[in-house]
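Structure, as structure tokens:
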Amino acid sequence: MGFQLLLSTLALLVFLSSTNARTSRELLTTGDFDVTCAKYGAKPDSDISEALANAWSDACASTSTSRVIVPNGTYKLKEASFKGPCKAPIELQIQGILQAPRDGNQLSKPDTWIEFAYLNNFTLSGGGTFDGQGEKAWKANTCHKNLKCSSMAINMRFYSVSNSLVKDVVSLNSKNFHVNIIGCEQLTFQHFTVSAPGDSANTDGIHIGRSMGVNITDSNIATGDDCISIGDGTKQLTVTNVTCGPGHGISIGSLGKYQKEDPVSGIHISNCTLSNTTNGVRIKTWPNSPSASTASDIHFENIIMDNVGNPILIDQEYCPWNLCNKQAPSKIKISNVSFKNIRGTSSTPLAVKIACAKGLPCEKVEMSDIDLQYNGNEGSITSQCSNVKPTITGVADTLACATKP
Ligand SMILES: *[C@@H]1O[C@H](CO)[C@@H](O)[C@H](O)[C@H]1NC(C)=O
Ligand SMILES: *[C@@H]1O[C@H](CO)[C@@H](O)[C@H](O)[C@H]1NC(C)=O
Ligand SMILES: *[C@@H]1O[C@H](CO)[C@@H](O)[C@H](O)[C@H]1NC(C)=O
Ligand SMILES: *[C@@H]1O[C@H](CO)[C@@H](O)[C@H](O)[C@H]1NC(C)=O
Ligand SMILES: *[C@@H]1O[C@H](CO)[C@@H](O)[C@H](O)[C@H]1NC(C)=O
Ligand SMILES: *[C@@H]1O[C@H](CO)[C@@H](O)[C@H](O)[C@H]1NC(C)=O
Ligand SMILES: *[C@@H]1O[C@H](CO)[C@@H](O)[C@H](O)[C@H]1NC(C)=O
């Protein structure tokens, strides 16, 4: 009896330890949640909103690292909300093409197609494409002349996403901004591609606001508005090895349009190429700002301009479509700004314009090694400065504040 008991106890122990081993092996291999598996049932050419939401919810609840996969193929996606907090690091790997509804009225939130929120240690990857199918929306967009226009859907919104990486994905033909980053920390975009025609309205590539430690590197942005726009509250932003064009350039602002904007500081833009853009690198602030703020510690270095309008521009009288009172100056104080090693061709004769606010001059502005040629035939290259006394080295006289307005 005693021997038999011992034997069965041993057998039980062996059984238990083998199931334990099997369970932990399964935990390691069940980290993948493929939306096309039987449980989720996504199929190419049909809407996968529900399958993707279910796969995300299971992956997000997983206590070990997990991956949601959308394999090759073209899928319709009405909308998606990837929300955390999740229990462990999580990756969304999009290998296929996701298509938004052409008609923005089909979205439950008219201003958002896909959102990522409350995530930490998140990776978006896979080489896939987020196709906003914006052609119809661009034609209906009146926001440039009508402040009360209905807003169009942004392809991807990032809200409160930290220690995270977005790499090897494409944002195509967004109806509105391609990417909007708000309230994020330590978020990197790498090998990110934005693609939309030069005449698509309001399709900023990546907009950043109220975020710290965002990095954008090794990326290619071709779109119909600013390639990168930097809103209030952006701190410690690094942009490097980015190509931009077509588009409206890389822009701090516009700032000073709304009440209580947060300061902008620690902006480093380097090793970028702009081609055929309507502006180069600029800081724009509205006149008559409702409240005061600052933009400081902003540095542009090693930038190639290829047929770029207004390559270097600080405009504190930014007032598109005359939607403001130009008489009252901007209340955004600009300081510690440098433009270093900026070369190439300008498509406008006024290649450098630094127009600071009356009564609130820009301080510590530095220009060095600026070498630009005008490639048109409407006069010769020139520069203009107001309410600023920049430090200038290695810049031809024509580009060194040659005229006063
Ligand atoms: C998915 O697409 C990639 C690139 O186009 C290709 O290399 C790969 O073989 C495809 N995989 C499948 C399962 O079709
Ligand atoms: C993210 O997850 C990886 C892999 O589990 C881990 O090594 C890293 O410490 C995590 N980082 C943060 C900031 O949580
Ligand atoms: C962002 O870029 C800066 C400068 O290149 C680098 O020091 C920092 O580690 C990067 N941050 C992340 C989160 O990749
Ligand atoms: C710049 O980014 C491109 C991808 O857009 C990459 O092929 C290239 O190697 C990067 N250059 C450097 C110096 O990292
Ligand atoms: C920009 O390029 C220069 C020269 O190739 C290199 O030394 C520098 O590290 C690069 N800057 C960044 C932030 O990668
Ligand atoms: C810039 O525009 C010119 C004329 O429109 C065109 O020929 C050229 O290919 C464009 N360059 C780039 C890099 O897109
Ligand atoms: C100006 O910018 C430089 C370079 O980023 C930085 O080291 C310095 O602290 C800034 N100075 C002020 C007064 O903000």
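None of these values were measured; they are calculated from a predicted model. Order of listing sets the numbers, starting from 1, for every ligand and every atom in it. Quick note: numbers below take in every heavy atom, side chains included, and nothing from hydrogens, waters or symmetry partners.
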Do other residues, nucleotides or ligands put more than 12 heavy atoms under 6.0 Å from the CG atom of D103?
yes
Quick one: list whatever passes disulfide bond (SG atoms under 2.5 Å apart) with C362, sequence neighbours left out.
C356
Give the ring-plane orientation class for F339 versus F300, where under 30° counts as parallel, over 60° as perpendicular and anything between as tilted.
parallel
Across all chains, not counting sequence neighbours, the side chain to side chain contact (heavy atoms under 4.5 Å, CB included) partners of S291 are Q259
For ligand 7, what is the set of protein residues having any non-hydrogen atom at a distance below 4.0 Å?
H268, D297, H299, N336, K364
Is any N or O atom of H191, backbone or side chain, closer than 3.5 Å to an N or O atom of ligand 4?
no
Only counting residues at least two apart or in another chain, list the ones meeting salt bridge (charged side-chain N to carboxylate O under 4.0 Å, His left out) with E363.
K333
So, is N271 polar-close to ligand 5, with some N/O to N/O distance under 3.5 Å?
yes
Given F158, Y159, F82, the one that forms ring-ring contact (aromatic ring centres under 6.0 Å, His included) with Y118:
Y159
How about C272 and C244 - are their SG atoms less than 2.5 Å from one another?
no
